[in-house]
Amino acid sequence: MPAASPDTAPVIGVLSLQGGVEEHLAILEQLGAHTRRVRLPKDLDGLDGLILPGGESTVFDKLARTFELAEPLTAAIEGGLPTLATCAGLIYAARELENPASGQQTLGVLNVTVRRNAFGSQRNSSERTLTIDGETVESSFIRAPIVTAVGGGVEVLASTQDADGEDVIVAVRQGHITAVSFHPEENGETTLHVAWLRGCRS
Ligand code: GLN
């Protein structure tokens with residue numbers, strides 16, 4: 001995508017409580033978007049899009065509740081803010097977790113059930129090539145979750161095979177929310193960000 005001019009570039013927030021924030025910011029800036037770190041409710045004002053990065057979903061939950069950010073995040077996303085959720089971001093967005101940590105809460109904005117750490121431990125990280133909306137996406141799976149059930153309004157974008165050779169869902173879309181199990185921000189990959197940014201108006 002050619003770099004947008006500064007006047008028309010969308011303002012994209014990245015949830016910046018913990019996790020893979022810098023990688024998303026770097027890609028967004030490379031693609032010509034304005035960026036903002038989202039830590040407090042006021043950081044959501046006037047955004048054209050939001051990224052929930054990878055990291056540790058239990059930490060997102062604890063810190064967002066501490067900073068009174070969880071409810072404003074839910075309201076903004078339910079209000080139609082285009083959102084890209086990656087790995088822990090998918091977990092944090094999900095309506096239901098099969099295996100939550102003790103007391104773990106989620107935003108509940110994405111009508112899916114998710115299993116955390118579904119590919120095993122860190123040692124089972126892998127690189128895979130997926131096709132999403134007809135485009136090739138190089139994807140890094142790191143302690144990745146899977147989607148085990150989808151509710152109404154959710155479209156499956158990609159599946160892959162788990163260690164047992166079973167097909168498992170790793171990318172979904174629910175209207176303005178795109179959510180993936182993997183890290184699309186590693187190894188210079190930008191395809192998913194480019195496609196998602198097209199849906200973020202400035
Ligand atoms: N397992 C992590 C969690 O539960 C997600 C891992 C990741 O984002 N790479 O949040």
Side-chain angles (χ1 to χ4, degrees), residues 12-28 37-39 50-67 69-70 73-74 77 83-130 132 137-150 157-164 166 168-174 177-193 196:
I12 307 298
V14 180
L15 182 68
S16 298
L17 301 173
Q18 182 267 340
V21 173
E22 302 304 323
E23 294 87 339
H24 282 291
L25 290 172
I27 290 178
L28 292 167
R37 293 167 200 265
V38 173
R39 293 196 182 94
L50 175 70
I51 291 184
L52 305 176
E56 180 50 54
S57 56
T58 55
V59 177
F60 296 172
D61 170 38
K62 280 188 191 132
L63 292 178
R65 283 194 273 155
T66 301
F67 297 147
L69 181 61
L73 268 178
T74 300
I77 298 169
T83 300
L84 174 62
T86 67
C87 201
L90 159 65
I91 298 169
Y92 190 43
R95 175 158 298 173
E96 193 173 337
L97 302 183
E98 270 191 17
N99 52 349
S102 173
Q104 180 174 9
Q105 295 180 19
T106 61
L107 297 176
V109 291
L110 182 64
N111 195 12
V112 298
T113 304
V114 165
R115 183 185 305 156
R116 300 169 61 226
N117 301 333
F119 292 87
S121 71
Q122 188 90 33
R123 282 165 303 180
N124 296 332
S125 299
S126 62
E127 307 289 324
R128 294 162 191 240
T129 304
L130 301 174
I132 296 183
V137 178
E138 300 301 334
S139 33
S140 294
F141 287 75
I142 306 168
R143 297 176 59 230
I146 57 170
V147 173
T148 54
V150 296
L157 297 180
S159 299
T160 189
Q161 292 194 331
D162 67 10
D164 300 322
E166 298 290 329
V168 290
I169 297 169
V170 292
V172 296
R173 182 185 295 128
Q174 176 187 306
I177 306 171
T178 300
V180 301
S181 296
F182 50 87
H183 292 261
E185 75 282 13
E186 303 274 324
N187 309 326
E189 173 61 80
T190 59
T191 309
L192 199 66
H193 288 76
W196 175 74

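Positions are given from 1 along the sequence. Remember, it's 1-based here, ligands and their atoms both numbered in the order they're listed.
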Chemist: Side-chain donor-acceptor pair under 3.5 Å between Glu185 and Thr86, yes or no?
Modeler: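 Looking only at side-chain atoms, Thr86 and Glu185 do not form any donor-acceptor pair under 3.5 Å.
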
Chemist: Out of Thr86, Val59, Asn117, who gets a non-hydrogen atom closest to atom 1 (N) of ligand 1?
Modeler: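 Considering heavy atoms of Thr86, Val59, Asn117, the nearest to atom 1 (N) of ligand 1 sits in Asn117.
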
Chemist: Would you check whether Ile91 has a nitrogen or oxygen atom less than 3.5 angstrom from a nitrogen or oxygen atom of ligand 1?
Modeler: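 No - when backbone and side-chain N and O of Ile91 are compared with those of ligand 1, no distance drops under 3.5 Å.
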
Chemist: Any N or O of Ala88 that comes nearer than 3.5 Å to an N or O of ligand 1?
Modeler: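 Indeed, backbone or side chain, Ala88 has an N or O that close.
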
Chemist: Under 4.0 Å from a heavy atom of Glu56: which atoms of ligand 1 are those, numbered in the order shown and with their elements?
Modeler: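 It comes down to these atoms of ligand 1: 2 (C), 3 (C), 4 (O), 10 (O).
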
Chemist: What is the minimum heavy-atom distance between His24 and Pro53, and which atoms define it?
Modeler: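 For His24 and Pro53, the tightest heavy-atom pair comes out as CD2-CB, 3.7 Å.
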
Chemist: State, without any angle test, whether Arg116 and Asn99 hold a side-chain donor-acceptor pair at a distance under 3.5 Å.
Modeler: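 Checked: Arg116/Asn99 side chains show no N/O donor-acceptor pair below 3.5 Å.
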
Chemist: Would you give the length of the straight line joining atom CZ of Phe119 to atom CZ of Arg128, rounded to the nearest 0.5 angstrom?
Modeler: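 Here the interatomic distance stands at 5.0 Å.
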
Chemist: Suppose I only count heavy atoms of Ile142 and a 4.0 Å limit; which atoms of ligand 1 are within that range?
Modeler: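 Taking each heavy atom of Ile142 in turn, ligand 1 has 6 (C), 7 (C), 9 (N) under 4.0 Å.
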
Chemist: Taking all non-hydrogen atoms of both residues into account, name the closest pair between Ala158 and Ile132 and its distance.
Modeler: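 Looking at all heavy atoms of both residues, the closest pair is CB-CG1, 3.9 Å.
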
Chemist: What do we get for Arg116 next to ligand 1 when only non-hydrogen atoms under 4.0 Å count, side chain, backbone, both or neither?
Modeler: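 Side chain only.
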
Chemist: Give a yes-or-no answer on whether the side chains of Gln104 and Thr106 include a donor-acceptor pair shorter than 3.5 Å.
Modeler: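 Note: Gln104 and Thr106 side chains miss the donor-acceptor criterion.
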
Chemist: Quick one: nearest non-hydrogen protein atom to atom 10 (O) of ligand 1, plus distance?
Modeler: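 Answer for atom 10 (O) of ligand 1: Ser57 N, 2.5 Å.
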
Chemist: Out of curiosity, His193 NE2 to Ile27 CD1, how far, rounded to the nearest 0.5 Å?
Modeler: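 One finds 4.5 Å between NE2 of His193 and CD1 of Ile27.
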
Chemist: Is it the case that ligand 1 has an N or O less than 3.5 angstrom from some N or O of Gly54?
Modeler: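 There is no such contact.
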
Chemist: Within a distance under 4.0 Å of any heavy atom of Arg143, pick out the atoms of ligand 1 and give their elements.
Modeler: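 Reading through ligand 1 atom by atom, the close ones are 1 (N), 5 (C), 6 (C).
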
Chemist: When you measure from atom 2 (C) of ligand 1 to each heavy atom in Pro145, Gly55, Cys87, which option holds the nearest one?
Modeler: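 Closest candidate by heavy-atom distance is Gly55.
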
